[in-house]
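Naming: A, B, ... by sequence-line order, numbering from 1 per chain.
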Amino acid sequence: MRNFSEIEKKWQSYWQEHHCFQAVTGDKSKTPYYILVEFPYPSGAGLHVGHVRSYTAQDVLARVKRMQGYNVLFPMGWDAFGAPAEQYAIKNHIHPKDAVKENIHTFKGQMQSLGFSFDWDREFSTTDPEYYKWTQWQFLQFYKHGMAYKAKKDVNWCPTCKSVLSNEDAAGGVCERCGSKVVQKEKEQWMLRMSDYAEDLLKGLDDTHFADRVKLGQINWIGKSTGAEVDFTVQETGDKLTVYTTRCDTLFGVTFMVLAPEHPVLEKLSSLITNMDEVKKYQEFAKSKSAFERTEVNKDKTGVKLEGITVINPITEKAVEVFISDYVMMGYGTGAIMAVPAHDERDYEFAKKFNIPIVQVIEGGDLSKGAYTGDGKMINSGFLNGFTNKKDSIARMLEYLKEKGLGREKVNYRLQDWIFSRQRFWGEPIPMIYCEKCGWQPMKEEELPLLLPDVAEYEPTDTGESPLAKITDWVNTICPCCGGPAKRETDTMPNWAGSSWYFLRFMDAHNDKEFASMDAMKYWQKVNWYNGGMEHTARHLLYARFWVQFLYNIGLVPNKEMIDVRVSHGMVLGPDNQKMSKSKGNVINPDDIVKEYGADTLRTYEMFMGDYQQDAPWSTESLRGCKRFLDKVERLAQKVNDKAGYSDSLVVIQNKTIKAVTDDLARMSYNTYISALMILANAYDDLESITKEDYRLLLILLNPVAPHMTEELNEQLGYDSICYASWPTYDETCLVEKEKEIAVQVNGKVRATIMISVDDNEDVIKEKALNAENVKRHTDGKDIVKVIVIKGKIVNIVVK
RNA sequence: GCCUGCGUGGCGGAAUUGGUAGACGCGCUGGACUCAAAAUCCAGUGUUAGCGAUAACGUGUCGGUUCGAGUCCGACCGCAGGCACCA
C-alpha cells in the first residue's frame, strides 16, 4: 500500500463512525463472546512492541468471531494506580493524575493507530472515581463479611530513606534508591483472608480452561500439602508445642525441635530459658535481615539452643533439645518443626553444625554424605519396624497418633492472606475510619467514593506512613458510629485491587448504581478468552479469582469463575535475542514501525514471527518480508478479470486454505495462518488472471490481521465493508485432490514418489509402487516380506 | 533444589492423531529487466560425494519400541522462565 498511512486513518475513522466494534449488551440474536487482553499500565515509555503482539492476537480473534456471527465484547482500559506513576510524578514534579492523563492519551493514540477493534465506549481507568468508588465498595463488602482485618506484618524498611519499600524495590536486600541495607519493620496492615479460599481456588481450576502451564502456576502458588500436626510437650511446664510435618513416618528419628525466631511461645517460656539474652540477640539478628536474605538458600544455618527447655517426643517419650533458627518460618504450618536430620537435608545441615545426634530410621543412602530423603525399609522405629515404604508407614503412624490423641491429619497451604495496605499516595484510599472510642469503622457506602485529596505534596513521609497522613484536613473526620472525632485510614490499596475485577466492569461500564448489573453479567457470562503476560499468570490471576469467588459467595456475580480460557503470550525480544531494555539499546518503538511500514505490516509481522506462546526475537528483515507479502496481495488487484464465481483451478486450494486458516486461528497458530495465506497468494500469482471472488476471499481471510489494506482493496472491488462480511466456510468435498503424489519407501527409506488417483485401490497403488524405477533397483533380487499401504499417505516395502 | 517450557538449516520457524523432515518467510548465490540503482520477476539453496541419475549422513546425546520416530518410552546433557530453607 503506497499511501498506507492515509488509508489506515481513513478506515480507523470509518470503523469509529459506523460503530463497527460496539458490543450491545443483551443482544439475543447473537451468541455473546467476551475477548479480553490485560489492560496496560500506562507508563511514560509508551506502548511496547510486546503489547502489540498480544493485542493483535486478540484483535484477530475478535474480528474473526464477529465475522462468524458472535456478539463480541473486546474492551480496553487503564490500570493506572501504583508506584511507577507516583515516582514518575515525583521526579517530574507533576501530579500523578496529570501524568496518568498524559500517558493514557499517548497509549490510546498508539492503540488507535494500530487499528485494534476495541469498543472504546467502555473505556475507563482504575483511577477514575466512578470506577474506584466500586473498588472501595467491594472492599467494604470484604470487611462486612469478616474477610478484611488489621494485623501486624513485617514490611521492607529502608532506615536511611525512612520509607517502606515493595519487594521489587528491595530486591537483593538493598534499597533501590539509596543502596542502604533493608530491614524488617512491623506495621499494622489491612489483610484479606485469601487463605480461607485456598481449597476453593484450587478446585475452581476444574471449571476453567486455562493453559496447563497457567493452571500449574496457580497450583504451585496455592501449594497444598497433606501431613500431620503432632503435639510435643514442654518437659518443664507441660505446655503443648505442636509441629507440622509431612513425614510423620520419621517420628522415631526426631533428635531436636526448631522454632521460628518469632514463635510466641518464647515469651511465655522466657523465665525458664537461661540464655534469654542470647535468644533476644538472635531474634534481633533475624529481624534485621530482609526477606530476601532470609530466604536465600545455600547459606549457612544459624540458630540458638534454648537452654533450660526440652520437649518430649510423644512417640518415643524421650526428651529432645529445642533450638530457634530462621530456617523455620512463622508463616507456614505452626512455626515449629520436628527435626529429623537423617532424612531431611536442612535438618541434617543444622545437626552437623550444632553437633546434634543423627538417628537413621529408613534404610538406604550414605549418611556420612548427607540426609537420605528416599523411600525404604523402616528401622529403629518401634512399631513401624518392618514397614517397607513411606506411604504405609505414614498411614500407620497417623492411625496411631489419632488413637492416642497425640496428633491429627492436617492440610496446609502456602497461600497466605493478602497484605492489602500500601504506604503510598497513588492508590485507592481504603474507606475505613478509626475512632478512639469505637475502633475501626467502615465508611457509609453512600458516601463513596472516598476521593484522593488534590494536593501538591505526595512524597513519602519520614515515618513510613502514607503521604496522605500529612494531609490533616483529609485525615481528620468524624466517626460514622458515634459522631465523635476520628481519623481516616491513610494507607491505600495495592495495584492488584483495581485489576481484580475490571473485567466485570467492562460488562457494564457506565453503571452508576452497581459495579455491574447482574443482568449484564448474566448476559456476557464469562471472559471467554483472556490473554496476558506470563509475569501475571500467577498473582494477578489468583487475586482476580479470589475476588470473584468472594463476590460469588455473597451473591453478586453469576459464576464462581469468571474467566474461562487464559493464555499467556511470549515476549518480543530485541534483535540480539535479549529482553528489550533502554540500557541495552535494543528497544523497538512501534510508532517508528507504523510510520515506516504501516500498521498492517507490523501486525502481520508480529503474528508471523513465531509461536505466540513462545518468546521471539525481533527482526526488521523479516518484517520487510511481511511488507513484501502485503504488497504482493495489493498487486494481485491488477489480475482481477470480469469472470463470475471462483476459478476452477483454485477451488481445492481455496477450500484447503479456509480450513487450515480457521483451524490455525482456533488453536492460536497465527504464524501458520499467515503462511497459509502466503501460499494462497502465491497460487493466485501463478495464474494469468483471477476472479473478483477469488480475490475477495483472500482479502476476507487476511482482514483480521491486515484490516486497513484489505478494507481498501475490498472497497475498490465495489463491495461493502468487510465489517459486514461473513467468515468463509469450506466444502469437505472440495478438499480432496483427484491426483496426489505419495512417497514409496523400501525398508523405511524413501526411494521414489508415485502419482495416485482418488479411485486407486490398494492393489493398484501397490503395483505402482513396486514398478517405480528406483524402487525396483532396491528390491531386485530380494524377498518382498511385506507391503504396507497407508492410503493417501505412504507405501513402505519391507525386503530381506 | 523443585516445577514448567524448549533444543530442528546461515536465521525466525513448519511438520494437528507416528507416515516424503526443513512448509512459509528471511538471508545468501546466479540470472532477467535497467544507462545504472531501487523495486519486481525467474532459478538454486540441510551437509558430504558426483556433470548427473543417485547415494551416505542429518531434528541436543545415548539406548529402546515400530514396517516406519522430530513426534512414543528410558537415561543423560544444555538453555530459558517460574517458585524457592514450605517442614
> Relative to A:Tyr327, does A:Lys301 satisfy both conditions: NZ or CZ under 6.0 angstrom from the six-membered ring centre, and within 45 degrees of the ring's axis?
Replying inline: yes

> Considering all heavy atoms of both residues, which atom of A:Thr334 and which atom of A:Tyr244 are nearest to each other, and what is their separation?
Replying inline: OG1-N, 3.6 Å

>> Please find the pair of heavy atoms, one from A:Ile337 and one from A:Met257, that lie closest to each other, and give the distance.
In response: O-CG, 3.1 Å

> Strictly by modelled atom types, are A:Tyr612 and A:Ser54 linked by a side-chain donor-acceptor pair under 3.5 Å?
Replying inline: no

>> Does the structure place the NZ or CZ of A:Arg566 under 6.0 Å from the centre of the six-membered ring of A:Phe210, at an angle of no more than 45° from the ring's axis?
In response: no

> Where the side chain of A:Thr255 meets the backbone of A:Ile358, is there a donor-acceptor pair that is under 3.5 Å apart?
Replying inline: no

> Do any side-chain nitrogens or oxygens of A:Lys749 fall under 4.0 Å of OP1 or OP2 in B:rC57?
Replying inline: yes

> Among residues 760-772 of chain A, which contact RNA chain B at a heavy-atom distance under 4.0 Å?
Replying inline: none

>> Can you give me the dot-bracket string for RNA chain B, 5' to 3', counting Watson-Crick and G-U wobble pairs with both distances under 3.5 Å, using [ ] for crossing pairs and | for partners on another strand?
In response: (((((((..(((......[....)))((((((.......))))))((((....))))..(((((..]....))))))))))))....

> Any side-chain N or O of A:Asn774 under 4.0 Å from OP1/OP2 of B:rA55?
Replying inline: yes

> Does a side-chain N or O from A:Asn682 land closer than 4.0 Å to OP1 or OP2 of B:rG25, or not?
Replying inline: yes

> With respect to the side chain of A:Arg213, which nucleotide from B:rG27, B:rC3, B:rU4 is positioned closest?
Replying inline: B:rU4

